[in-house]
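First the structure, in the form of C-alpha cells, and then the observations on it.
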Amino acid sequence: MADKASGTLYAGFTKELENVDSYFNSSREGVVMQRALWDGLIYRDPITNEYKGNLAESWTWVDDTTLEFKLRQGVTFHNGEPFNADDVVFTVNFVADEANGVKTQRNVNWMKSAEKIDDYTVRIHLKKKFPAAIEFLSGPVSMYPNEYYAEVGPSGMGLKPVGTGPYKAVEVVPGQHFVLVKNENYHDSPKGQPSIEKVDIRTIPDVNTQIAELFSGSLDLIWQVPADQAQKLEQMGGFTVANESTMRVGYVSMDAAGRSGMDPNPFTDVRVRKAVNHAIDRQAIVDNLLKGKSQVVNTPCFPSQFGCAQDITVYDYDPAKAKALLAEAGYPDGFETDIYAYRNRDYAEALVSYLSEVGIKANLKYMQYSAIRELNMKGEVPFNFSTWGSYSINDASAMVSQFFKLGSLDDARDEQVAADLDMADTSTDPATRIEYYTKALQRITDQAYWVPLFSYNTNYVFKTDIDYTPTPDEVLRFTTMSWK
Amino acid sequence: MFQFILKRLGLAILVAFTVSFISFSLLFLAGDPAAALAGETASGEDIEALRHLYGFDRPMMVQYGDWLFSALRGDFGESYYFKLPVAGLIFDRLSITMTLGVCGIAFALLTAVPLGVAAAIRPNSLIDRVALFLSVAGQALPSFWFGLILIVVFSIKLRWLPPSGTATWQHFIMPTIVLGYYAMPAIMRLTRAGMLEVLSSDYIRTARAKGAPEMRVMFKHALRNAIIPVVSLAAVQMGFMLGGSIVVESIFALHGAGYLAWESIGRNDLPTVQALILIFAMFYIVFTFLADVLNAWLDPRMRSS
Amino acid sequence: MSDAMTDPLLAEIVGPTPGQMLRRRIFGHQGLLIGGTVVALLVLVAIFAPLLAPHDPYAQSLVARMKPPVFLGGTWEHPLGTDHLGRDYLSRLIYGARVSLLIGLVTAVISGLIGSVMGVCAGYFGGRVDAVVTFLINVRLAMPVVLVALAVVAILGGSLTVMISVLGLLLWDRFAVVLRASTRQVREREYVAAAQAIGASTPRILLAEIMPNIVNNLIVVVTLEMAHAILLEAALSFLGLGVQPPTPSWGLMVSEGKNMMLFEPWLVMIPGAVLFVLVLGINLMGDGLRDVAAPENRS
C-alpha cells in the first residue's frame, strides 16, 4: 500500500518510455526522468525563469560562438565517478556528432564541439550564432559520465542510467517500471534537495485504470489526466487536483502555398483562410473541452515565449462572416477537404463539426504523427490539426521559426515572413528580435496562414498528504515533492 | 502414422514460410519507416541517412531474405522504438501472454466441459437450454465491453479485484475470464455433441446392460471418448486465443506480447510487429499441428483423411 | 386421418408437405423467432434512421456535454443523454445501426464470395485445387486476425471502406471450410453423376446441381460471419483503429465513452448493450437457420 509511512511514492506514467537515456527518447516521460537522474550545466528556475549555475558555477560568452564554463567541484556520479571537464567534453562531443544518432537532433545540433581548458574549465564551440544556447543547456543537454558512457553506450545507459541527479535509478524494466531512490550525496544544486525516499513509477496506459489504481490506493500520483476526469475527481474530493498550463499550442495549418495538388485549392485564397479562422469557436472549445489554465492563442507561438506577440490580428467566432467570406471567394456552398490529426480526436471532431456548420466538409484522417509529418513534408496535407510543444523552450524561435522559414513543413512559403524570422532568430539584441518577430507574426495573422487555436494544460492528481506545486513547463519534479 | 506426421509437418512449415512473407511484405508497404524512425525533429537528410543505415533502400526480396535468415536464428533485429533486440523484448512479455492463454483455456475447459456433459446427459432439459443460451450469448458478448464491465463491477464498485497489472494471481482473474469465455461455446457444443454420440453407441449400452454404475459409465467410458476431439479443439482455440489477447491485454494493462503488438503498431515499430505476427502465427501452427498428431494417434481413421 | 396417425408408414406418405414442415420448424423454433425479430427490428431502425432519430447525430453542442439519460435524471430532450461533444446519444445509436449492419453485410458478401468460390472449387475438383485451397485456408487461419487488421488499418488509415475491405479479405476462411465440406458431400450424389454423364458443362453443374444443395449452409455461415465482422469492427474501433469519427459506430462510442467509464458508466453500457443484442440476434438467427435447414446436423 502506498502511503507516507512506507516512504515510497507510487506514480503512474501513461506512455511507455522507449529509452531512459535522455538523448534517445522524445517523450515527456523522458524529460521527467532526465530531470531526476541527471543535471545540466545550467538550471532555469521554472517559476522566475532565471538562469542559475548547476554543474557549472558560472559561464561567459567568449565570442559569438564560444561559451566558457567554470565547473562545480566535488560532484560525483551515482557510480562514484567524479564529475569534471572530461565528462563535459565527452558528452558534448558524443551528442554533437550526428553519426551517434541522438533522437532529437535539434537539442544538440547547434553545438560543434567542446574543449577542455583545465580540469574544471570547458569551452563549448557553436556552429554559428545561437542565442538560445543557454536555454538549451539548462534544459535537454545533460552531462553524462565519460568512462561509463563510453563503455555501455545509449542502450546500456537506458537500462542502468548513471547521472549526477537528485535521484538514482535502482530498477529499470524498459517501458514498464522504474524505481528511483534519493541520492543522499546530491550536490548543493539549485534544483533543491530531494525529500521523498523512493519513487516507484509504473506505466499504465489507460487513464481509467490509473484512476482505479488511485482509488484502490496503489498509486499516489497521476498526471496528464484529461479535463473531464480531473473535474470529476476534484468534485469527489480526497485528492489534490492541480492544473498548470503547458507550452504546447494547438493549431490548424492550411495549404496556403497550394502544394497539395487540390484543384481548385480553396486554401490559396486568403478569404477562405480567414473564413476558417472565423468558423471555429475557440473559446467554447477551451471552456468546455480543455478547461483549466488553457487559453485561446492568436499567433503561432506560446504567449510567454520571448517575442510572441498576441494582440495583433484577432479573428472572432463569427460563422455568418465565415459564410460570407466563403461566398465571396466563390464557395457559397462550401467545399470538401481532408483534415489530418494525430491526437485529441475529440478536439478534432469538434473542429470538423464547426467547419461543417459553415459548409466546409472536412473528412477526418486520424493517423500517426510520423505518418502525417511525412505527408506534410511532401506537401500533401491540405488541412492539418496539429500541436507543437516547443520543447518547453521559452522563445518564439522554438515555434514560429520551425514552421515559417521555407522548410519542408512550411505550408505558407512566404519569403517576407522567412526573412523577418531570420533577422529575429540570429540577432542578439532583444529589441531587434522583438521588432522582427512582431513583424513576422503580423504578416502571418494578416494572411491567416494558420488558425492558432489554444494552449494545452496538464492536470496532476495526487493524494492529499503529498505536497507538490506543479510548474508550467509540464515537467514532473520529484525533487520538489514531499510528504505533508 | 509416420508418413502422416511428416506430411503435416511439411504443410506446417510451408504455412509458416508463407505467413512470414505476408507479414513482412504487409508492413513493408507501411510507408517510409525511416521517417517514422527519425522522429519529430529530423530533417530530410537525417531521414535519408537513416534509410541507408537500416538498409531500407535495398530491394524488398533482399530485405526479406535477410530478415528471414536472422529470424530463423532467433534474431528479429532491433526495435526501432526501444533500440533493444526484439527477441529479448518479446521473450520478456511472452510469459505473461502464455500464462494468460493457459489460464484462459483452463477456465474455458473447466466450465465448458462439465456444462457440455450435463447438457448431454439430459438433452432438452433446463440445464441443456441454459448451456445453449450461454454458448450463444457468449459468442455475442464483445470482449472489450465485457472487460470494462468486470472492471466497473469488481474493481470499482465491489473492490474485490485489482483493475490492472500482473503482480499477484488475483490480477489474472478478470483477464482470464474475458479471454477464456470466448472459447467456451465451441468447447461446450463439441463436448455435448461428442457425449450424445458416445452415449448412444453400442458399447455404452453394453456397459449399462452389464450393470456398470451410471457414474462409471459416464466418466470412465463416455467422457474419455468424447474428450479427444475437445482436447484438439482446445489446442486450436489456444492458438487463436494468443492472437486475440491484444484486446484483453490492452484493457487490463497487462504488459504482454499482445499489448506490445498494439503499442508497436501505433509506434510504427516494424521489426517488433513483424516478429509478433510471425510468433503468434507460429503458436497457432504448432498447436494445430499437435492437435492433428494427437487426433491421428488416438483415432487411426483420421490418418487417411 | 386417424389411421394415418397410427401407421407410421402412412403418416410419412400423407404427412405435411416440405413447405409446411419448413414453416412449422421455423415457427416452432424460439431462437430463430427471437433472433429474427431482433434483427428485423434493427434493420428497420437502420433503414428509417432519419425518421426515427430525434436529432442530427452529428450536431454538437459543447455546452450540453454528457447529459445523463432520462432514467438517470436526464430530460426527454435527450432520452439517452448526450456524448462528450454534446451530440444526442439516441440519434447516434440509431445511425450506428446503419454502420454496423452495413459493415456486417458487405463484409459477409465479400468474404462470402471469396470463400465460396474457393470452397466450392476445392470440394468439387479435389486433387491439386483442393490442396491449394486447403493450404490457403491454413495460411489464413494462422494469421492473427486482430493483429493483422490493426496493422493494415494503421497503415491505410481507418475509414468505412478500408474497414470493410480488410475484414472482407480476412474473414473468408469459414466459408471456404464449410462449403468445401458440403460440396464434397453433394458431389458424390447420383444427380451430379447423372449431369456429368449427360455432358453438362462444369459451370452448369456447379450452378444448377451443386449450389442449390449447399445454399442452406452458405446462408448459415453468412449470418454467423456477419456477427463476427460486426464484433471485429467494434473491437478495432474500440482500439482506435476502426472507422473514423464523427461516424457513429457503436464500437467507437464505447471507445469514446470509456474515458468517462468510472464516472458515467452509461456512456459505455448503452452502446455495448445494443451491440450485444444485435450480435446475439444474428447468432440466434444463424443457429436457428441451421437447425431448420438441416435438423439432422443439430448438435
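Order of the sequence lines sets the chain letters (A, B, ...), proteins ahead of strands, with each chain counted from 1.
- Contact of the A/Val207 side chain with the C/Asn259 side chain is not registered, since no non-hydrogen atoms from C-beta on lie closer than 4.5 Å.
- Contact annotation for C/Tyr58: only backbone heavy atoms (N, CA, C, O) come within less than 4.5 Å of a heavy atom of chain A.
- Of the inter-residue distances, the one linking A/Ser353 atom OG with C/Leu62 atom CG reads 7.5 Å to the nearest 0.5 angstrom.
- A/Asp346 is not listed as a side-chain neighbour of C/Glu256, based on a closest heavy-atom distance of 4.5 Å or more.
- Heavy atoms of C/Gln60 lying under 4.5 Å from chain A belong to its backbone as well as its side chain.
- In this structure, chain A has no heavy atom under 4.5 Å from any part of C/Ser61.
- Taking the side chain as every heavy atom from C-beta outward, C/Arg65 and A/Asp228 approach each other to under 4.5 Å.
- Side chains of A/Leu289 and C/Leu85 form a contact here, defined as non-hydrogen atoms less than 4.5 Å apart.
- Here the CZ atom belonging to C/Arg87 is positioned 4.0 Å from the CD atom belonging to A/Glu349, to the nearest 0.5 angstrom.
- Of all heavy-atom pairs spanning A/Ala212 and C/Leu262, the tightest one is N-CD1, 4.0 Å.
- Judged by distance alone, with hydrogens and angles left aside, the side-chain atoms of A/Arg345 form no donor-acceptor pair with the main-chain N or O of C/Pro245 at under 3.5 Å.
- Of the listed residues (C/Glu264, C/Met260, C/Met261), the one with the most heavy-atom contacts under 4.5 Å to chain A is C/Met260.
- Only the side chain of A/Phe215 comes within less than 4.5 Å of a heavy atom in chain C; its backbone stays farther off.
- Open room surrounds NZ on A/Lys365; 12 or fewer heavy atoms of other groups in view lie less than 6.0 Å from it.
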